[in-house]
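Right, one structure below, let's go through it.
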Protein chains: 2
Amino acid sequence: MNEQIKLPVTRNGKATFNLIIDTAINVFYERGYHSTTIKDITNAAGIGAGTFYLYFKNKLVLYKYILNRFQHDIRKTIAERVSKVEGRFNKEKEGIKTFIQYAVDNPHSYNIIWESLYIDKQLFIDYYTSFAKRYELGLKQSIDSGEMYDVDTELVSYILMGVSNFIGLKILLDLGNDNKDISQIVDKVMAIIQTGIFK
Amino acid sequence: MNEQIKLPVTRNGKATFNLIIDTAINVFYERGYHSTTIKDITNAAGIGAGTFYLYFKNKLVLYKYILNRFQHDIRKTIAERVSKVEGRFNKEKEGIKTFIQYAVDNPHSYNIIWESLYIDKQLFIDYYTSFAKRYELGLKQSIDSGEMYDVDTELVSYILMGVSNFIGLKILLDLGNDNKDISQIVDKVMAIIQTGIFK
DNA sequence: TATAAATGTGAATACTTTCTCATAACCTGA
DNA sequence: TCAGGTTATGAGAAAGTATTCACATTTATA
């Protein structure tokens, strides 16, 4: 990776490396990044404190590694699902649905991404600006194909991210009194958005 | 307030009490809650470390006090501005505009409210569920007056909070390349939302 | 199986932070 | 002006944490 992370070589080393990561994801989720100590992680993983430093320079390096993994995974998941659907409207809908479903299936990811705003603001900014840029590409295609009004794509990308994130947040924190039928919720959301954006 | 906070009595005491709060708002904004030490606050305020404990039991108590103040202030500001506008659509628009304008005028408030998710999750949940409840009241009036389709008010309240929050976030973090004419941005946002929600 | 590299340990050190407390200065009103 | 409450201080006790390191064990492979 870089001089901050020492990748393991042997089978056992790889198992320990992955154990640290999987354990940290859970501990960060439960205690939050700042309240988590290295001891918290190594104790939960059942390894010695020094073993942590065999692979990671410090807690922040481990956090960044995890954040990066979730970023790639969530994008890959969305891209795959969206590519299997035809039509711009259906693609937008599938994108939002997959995003929310991913957040529900991986509640840890959602927390870790948002927490970046309070760990290293630039990480957060990079994440959302690049997510928005990717979003705009699809929106521009929708406009070109005549399925969407000629809207400000940057603004709309933030509107759609805001909607997805808050619906995801609502479901995750169990705010209000929903059932958790993602598909049904997303249908309602899209119906509300549709006429405002799509011809 | 309660046994966690000792309110000052004299003129000098009140000045110190307010100085601690105003300083903490800035230091929390700059360093984040978890990275801020009591010394950071007292040094920045130019007072002795012990003076802090004269008024606040600990850092969390001070944080909750500040959060509570912002919550009341932002709601009061929105309610006042909304009450001066006629028509449901205009009221919704004024509400969103005031929210975003408040976030721009008080960037500290925005940070402090969001950070609650990583300090005491219940604070965050309480804030947004009660904000949503209040929102729903207005939406129900819009439906009753025939200015809005018969939408799921709870869902729409989260959609509108998501939109406001992300547009606010975009402006605050200076994501993308906007000018900062709030009024103009909100006009565009409402135009996008309008036809989807309002008859 | 011999050897070097990789992996693993947890006590110990150095550092940081919270919070208390003895002490003192300052109001204020009787 | 003097007593009692209020405010202010900062050193230091107590608790916690990151990181190192000498040493031990395991593993790959020649």
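Below, chains carry the letters A, B, ... as their sequence lines are ordered, and counting in each starts from 1. Every value quoted in this text rests on a predicted model; they were computed, and no experiment measured them.
- Figure legend: K59(A) and Y33(A) shown as a cation-pi pair, the cationic atom lying under 6.0 angstrom from the six-membered ring centre and within 45 degrees of its axis.
- In this structure, Y55(B) reaches the sugar-phosphate backbone alone: every heavy-atom distance under 4.0 Å involves primed, P, OP1 or OP2 atoms, never a base.
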Without placing hydrogens or testing angles, list every side-chain donor-acceptor pair under 3.5 Å for residues 16-27 of chain A, not counting sequence neighbours.
{"from": "T16(A)", "atom 1": "OG1", "to": "N12(A)", "atom 2": "O", "distance (Å)": "3.1"}
{"from": "N18(A)", "atom 1": "ND2", "to": "K14(A)", "atom 2": "O", "distance (Å)": "3.2"}
{"from": "T23(A)", "atom 1": "OG1", "to": "L19(A)", "atom 2": "O", "distance (Å)": "2.6"}
{"from": "N26(A)", "atom 1": "OD1", "to": "H108(A)", "atom 2": "NE2", "distance (Å)": "3.2"}
{"from": "N26(A)", "atom 1": "ND2", "to": "D22(A)", "atom 2": "O", "distance (Å)": "3.0"}

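- In this structure, K6(B) forms no cation-pi arrangement with Y65(B), as its terminal cationic atom is not both closer than 6.0 Å to the ring centre and no more than 45° off the ring axis.
- For dT7(C), the OP1/OP2 oxygens have a side-chain nitrogen or oxygen of K6(A) closer than 4.0 Å.
- Crowding of K121(A) atom NZ: a count of heavy atoms from other residues, nucleotides or ligands under 6.0 Å exceeding 12.
- In terms of the side-chain contact (heavy atoms from CB on, under 4.5 Å) criterion, residue partners of S130(A) (sequence neighbours excluded) are, by chain and number, R75(A).
- Side-chain rings of F124(A) and W114(A) approach one another, their centers coming within less than 6.0 Å.
- Applying the 6.0 Å contact sphere to NZ of K39(A) captures no more than 12 heavy atoms from other residues, nucleotides or ligands.
- When each of T36(A), D40(A), T37(A) is tested with R31(A) by the rule side chain to side chain donor-acceptor pair (under 3.5 Å), just one qualifies, namely D40(A).
- Residue contacts for T51(A): at a heavy-atom cut-off of 4.0 Å it reaches a base atom on one of the strands shown.
- The pair E154(B)-K170(A) counts as a salt bridge, with a side-chain nitrogen and a carboxylate oxygen less than 4.0 angstrom apart.
- F56(B) has its CZ atom 15 Å from the P atom of dT20(C), to the nearest Å.
- Here dT18(C) presents its P atom at 10 Å from CG of N58(B), a figure rounded to the nearest Å.
- Among residues two or more places apart in sequence or in another chain, the side-chain contact (heavy atoms from CB on, under 4.5 Å) test is passed with Q122(B) by D120(B), I125(B), D126(B).
- Taking 4.0 Å as the cut-off between side-chain N and carboxylate O, K84(A) and E80(A) do not count as a salt-bridged pair.
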Quick one: which protein N/O atoms are closer than 3.5 Å to N/O atoms of nucleotides 24-30 of chain C? Pair and distance per line, please.
{"from": "dC27(C)", "atom 1": "OP2", "to": "N12(B)", "atom 2": "ND2", "distance (Å)": "3.1"}

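- At a threshold of 4.0 angstrom between heavy atoms, the contacts of G13(A) are confined to the sugar-phosphate backbone, with no base atom among them.
- Following rounding to the nearest Å, F52(B) (CZ) and dC21(C) (P) show an atom-to-atom distance of 17 Å.
- Across the protein-nucleic acid pair, K39(B) atom NZ and dC19(C) atom C1' stand 11 Å apart, rounded to whole Å.
- Residue L54(A) contributes atom CG, which lies 12 Å from atom C1' of dA5(C) at whole-angstrom precision.
- F166(A) and Y128(B) have their aromatic ring centers within a separation under 6.0 angstrom.
- I38(B) comes within 4.0 angstrom of the backbone, heavy atoms only, and of no base.
- Nearest-nucleotide positions on DNA chain D place V9(B) closer to the 5' end than the other of A49(B) and V9(B).
- Scanning DNA chain D 5' to 3' for nucleotides with an atom closer than 4.0 angstrom to a non-hydrogen atom of chain B gives a first and last hit of dT6(D) to dG10(D).
- Look at CD1 on I41(B): it is 12 Å from P on dT17(C), rounded to the nearest Å.
- Residues from residues 14-36 of chain A that place a heavy atom under 4.0 Å from any atom of DNA chain D: there are none.
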